[in-house]
Asks: 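Shown below is the structure under consideration.
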2 protein chains.
Amino acid sequence: MTARAAVSEFDFIHDLKSLSDPNHALNLEDDAAALPAGDVICTDTLVESVHFLGRETPQDLAHKLLAVNVSDVVAMNARPTHALLNLTLPSYCDPTWRAGFIEGLGQACELFSVQVLGGDTTRSPGPLVLSATLLGMLEERQMWRRAGARVGDLVCVGGTIGRGALGLDDMMTGTTNSAAALHFKRPMPRLDLLGCDGVSGCADVSDGLVADLAHICRASGVSSTLDLSRIPYADPSADWALQATGGDDYELVFTLSPTASLPAGCTVVGEIVPIQGDGTVALQGPADMIEATLAQSGYEHF
Amino acid sequence: MTARAAVSEFDFIHDLKSLSDPNHALNLEDDAAALPAGDVICTDTLVESVHFLGRETPQDLAHKLLAVNVSDVVAMNARPTHALLNLTLPSYCDPTWRAGFIEGLGQACELFSVQVLGGDTTRSPGPLVLSATLLGMLEERQMWRRAGARVGDLVCVGGTIGRGALGLDDMMTGTTNSAAALHFKRPMPRLDLLGCDGVSGCADVSDGLVADLAHICRASGVSSTLDLSRIPYADPSADWALQATGGDDYELVFTLSPTASLPAGCTVVGEIVPIQGDGTVALQGPADMIEATLAQSGYEHF
């Protein structure tokens with residue numbers, strides 16, 4: 001007899017095999033995979049109606065699941081190599097959905113040069129819950145830590161800030177094809193910033209610029225200024241406070257030695273100063289900007 | 001200002017720090033952890049009302065989350081070392097629940113000699129979803145693969161078979177303190193079987209003995225006999241078919257070279273034979289036993 005256990009799960013795993021590492025995934029048929037060489041490991045979960053709306057295509061969700069984890073790896077100055085996936089799928093994730101997810105995952109794996117190492121798929125009576133665990137390699141680069149900021153360092157951000165929040169707004173109002181909405185659905189982690197000289201502390205902007213800079217400050221035992229008028233807002237004509245505090249940008253916020261060159265496309269937005277209180281971010285700029293940003297600060301994922 | 005982002009998540013992470021690896025978890029404050037040395041990696045998800053009932057204590061759930069993953073590591077002949085956790089928590093997981101979960105996790109980490117490496121916690125509008133990713137070390141032992149079974153090998157199981165299914169039955173009928181229910185809530189992976197000589201193929205019994213033996217056969221390109229009358233049933237007076245096919249045992253099913261000694265407490269239940277069809281398990285024993293087992297075979301997690 002052939003056990004009829006979990007045929008649909010095995011079909012899905014069969015499709016994942018084409019994306020798997022032939023040397024370490026062990027054909028996805030064992031209880032565990034062989035651990036490849038690596039330097040960092042991270043894991044992040046996306047929950048339907050918390051981190052995404054449920055209106056995204058499965059291709060978008062597969063991209064975003066990898067991208068948010070790739071962003072965490074990049075924030076450590078590492079290059080992603082392998083992913084494990086935990087996919088908790090409600091009944092609407094039918095074979096068509098799963099084929100779309102596999103398609104998007106394949107595209108994202110190629111885009112980020114990541115191979116699948118293993119995972120677990122299970123059905124769920126609840127919302128779609130997607131986790132990925134990523135491995136990354138430093139390739140001789142120095143690890144970036146949140147705790148590395150020093151007084152006198154410049155506070156810098158890559159790219160623009162606010163696309164995540166604006167994209168969420170667009171998605172919620174049905175404008176699903178704006179540049180911001182596209183960013184919300186398919187964020188692009190900053191692999192191009194790997195190895196920049198002079199970076200002392202780093203985090204990716206996932207909780208919002210103000211909150212993520214505060215993480216760096218708390219970890220480093222310092223405080224920081226943040227000049228709201230110098231932030232490169234994604235849309236200068238839109239709500240600044242929303243953009244400075246919203247999540248899902250997947251840019252990098254980093255501290256830079258004052259003697260180092262500012263990487264291309266990055267902007268200085270503040271300076272690390274001696275600690276005041278519990279690792280605080282002192283907002284600078286027009287009073288109304290400060291007031292609005294304080295009112296919106298933080299991004300409650302939990 | 002101090003960003004008020006996700007204070008409750010940070011409190012929970014603060015409590016997890018006491019269980020974390022001081023050398024690699026980076027104080028749980030970075031976007032990723034430093035990857036320690038290791039040989040295998042696995043991940044498994046538990047979903048409320050799919051893999052557990054929701055009547056378990058948070059201490060039980062923390063134990064089970066680690067145990068099912070430890071079992072996967074042990075099935076590879078590796079010793080678990082580190083865990084990453086993805087905790088997707090509905091609103092009923094209040095501070096009391098979380099304190100209980102941390103307590104149970106601490107006990108399980110000590111029991112299994114596992115340190116926390118990182119993770120992600122998030123709220124959810126749906127059921128409780130718990131994932132863990134475990135790392136393990138072979139410590140000079142040879143990796144056990146499902147694909148290692150050879151014709152002529154004996155099929156063996158550790159301990160008794162059926163406690164998972166009987167425990168689930170007990171839990172569902174309100175008998176939450178039977179030995180089987182206790183096993184269902186707090187399974188004990190077979191760390192004591194690490195390093196047994198002569199093991200050629202191995203899997204843990206999580207989907208059910210019949211299904212997990214079929215996994216070994218398919219991976220190895222062989223078939224197997226399974227003598228239902230020789231299975232060491234957890235309760236010989238209870239439903240045999242249920243016990244032979246139910247999941248959640250977290251024993252090992254393994255194939256053993258015929259020249260090797262049977263490890264203490266293990267039982268021979270069949271033999272590897274040349275492939276017949278698609279890696280099949282040929283049930284042996286009284287006709288009514290075979291019929292009942294065929295009717296129940298498999299454990300549909302997906």
Side-chain angles (χ1 to χ4, degrees), chain A residues 1-6 8-9 26 29-35 38-45 47 49-50 72-73 75-76 84 86 88 117-127 129 131 133 135 145-147 203-204 207 210-211 214 219 278 280-281 283 294 297-302, chain B residues 1-6 8-9 26 29-35 38-45 47 49-50 72-73 75-76 84 86 88 117-127 129 131 133 135 145-147 203-204 207 210-211 214 219 278 280-281 283 294 297-302:
Chain A
M1 53 151 292
T2 299
R4 63 178 166 74
S8 49
E9 177 176 5
L26 311 182
E29 71 186 11
D30 276 289
D31 287 299
L35 184 67
D39 298 300
V40 303
I41 185 168
C42 72
T43 190
D44 234 351
T45 300
V47 180
S49 80
V50 177
D72 282 330
V73 169
M76 307 293 288
L84 293 97
N86 301 77
T88 305
L117 198 53
D120 189 26
T121 59
T122 181
R123 64 185 168 85
S124 171
V129 177
S131 294
T133 300
L135 303 177
R145 301 282 313 274
R146 290 185 179 177
D204 75 329
D207 291 347
V210 174
D278 179 25
T280 55
V281 175
L283 301 180
L294 280 173
S297 63
Y299 184 72
E300 184 86 15
H301 258 318
F302 191 82
Chain B
M1 55 151 289
T2 299
R4 60 179 169 73
S8 49
E9 177 176 4
L26 309 183
E29 71 187 10
D30 277 290
D31 287 299
L35 184 67
D39 298 299
V40 302
I41 185 168
C42 72
T43 190
D44 235 351
T45 300
V47 180
S49 81
V50 177
D72 282 330
V73 170
M76 306 294 287
L84 292 98
N86 302 76
T88 306
L117 197 54
D120 188 26
T121 60
T122 181
R123 64 186 168 84
S124 172
V129 176
S131 295
T133 300
L135 303 178
R145 302 281 312 273
R146 289 186 180 177
D204 76 328
D207 291 347
V210 174
D278 179 27
T280 55
V281 175
L283 301 180
L294 280 173
S297 62
Y299 184 72
E300 185 86 15
H301 259 317
F302 193 85

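Excluded from the calculations below are hydrogen atoms, water molecules and symmetry mates; all remaining heavy atoms, backbone and side chain alike, are included. In what follows, chains carry the letters A, B, and so on, assigned in the order in which the sequence lines appear, proteins first and then strands, with residues in each chain numbered from 1.
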Asks: Which bit of A:Leu84 is near chain B, if near means a heavy-atom gap under 4.5 Å: side chain, backbone, both or neither?
Replies: side chain

Asks: Which residues satisfy the side-chain contact (heavy atoms from CB on, under 4.5 Å) test with B:Ser131, sequence neighbours excluded?
Replies: A:Asn86, B:Thr45, B:Asn86

Asks: Identify the two heavy atoms, one from B:Ser124 and one from A:Val47, that lie closest to each other, and give their separation to 0.1 Å.
Replies: OG-CG1, 3.9 Å

Asks: Is the backbone N or O of A:Asp204 less than 3.5 Å from a side-chain atom of B:Asp31, with the two atoms forming a donor-acceptor pair by type?
Replies: yes

Asks: Rounded to the nearest 0.5 Å, what separates atom CG in A:Leu35 from atom CE in B:Met76?
Replies: 11.0 Å

Asks: What pair of heavy atoms forms the shortest contact from A:Glu29 to B:Arg145, and how long is it?
Replies: OE2-NH2, 3.8 Å

Asks: Could you measure the distance from the CD1 atom of A:Ile41 to the OG1 atom of B:Thr133? Nearest 0.5 Å is fine.
Replies: 6.5 Å

Asks: May I ask you to name which of A:Leu135, A:Leu117, A:Val73, A:Asp72 has the most heavy-atom pairs under 4.5 Å with chain B?
Replies: A:Asp72

Asks: Please classify the contact between B:Asp39 and chain A as side chain, backbone, both or neither, with a heavy-atom cut-off of under 4.5 Å.
Replies: backbone

Asks: Please name the pair of heavy atoms, one in B:Pro125 and one in A:Ser49, separated by the smallest distance, quoted to 0.1 Å.
Replies: CG-OG, 3.2 Å

Asks: What part of B:Val129 is in contact with chain A, defined as an atom under 4.5 angstrom from a non-hydrogen atom: side chain, backbone, both or neither?
Replies: side chain

Asks: Determine the option with the most heavy-atom pairs under 4.5 angstrom with chain A, choosing from B:Leu26, B:Thr88, B:Val40, B:Asp30.
Replies: B:Asp30

Asks: Tell me which of these, B:Gly38, B:Ala75, B:Ala147, has more heavy-atom pairs under 4.5 Å with chain A than the rest.
Replies: B:Gly38

Asks: Drop me the distance from A:Asp44's CG to B:Asp120's CG, to the nearest 0.5 angstrom.
Replies: 4.5 Å

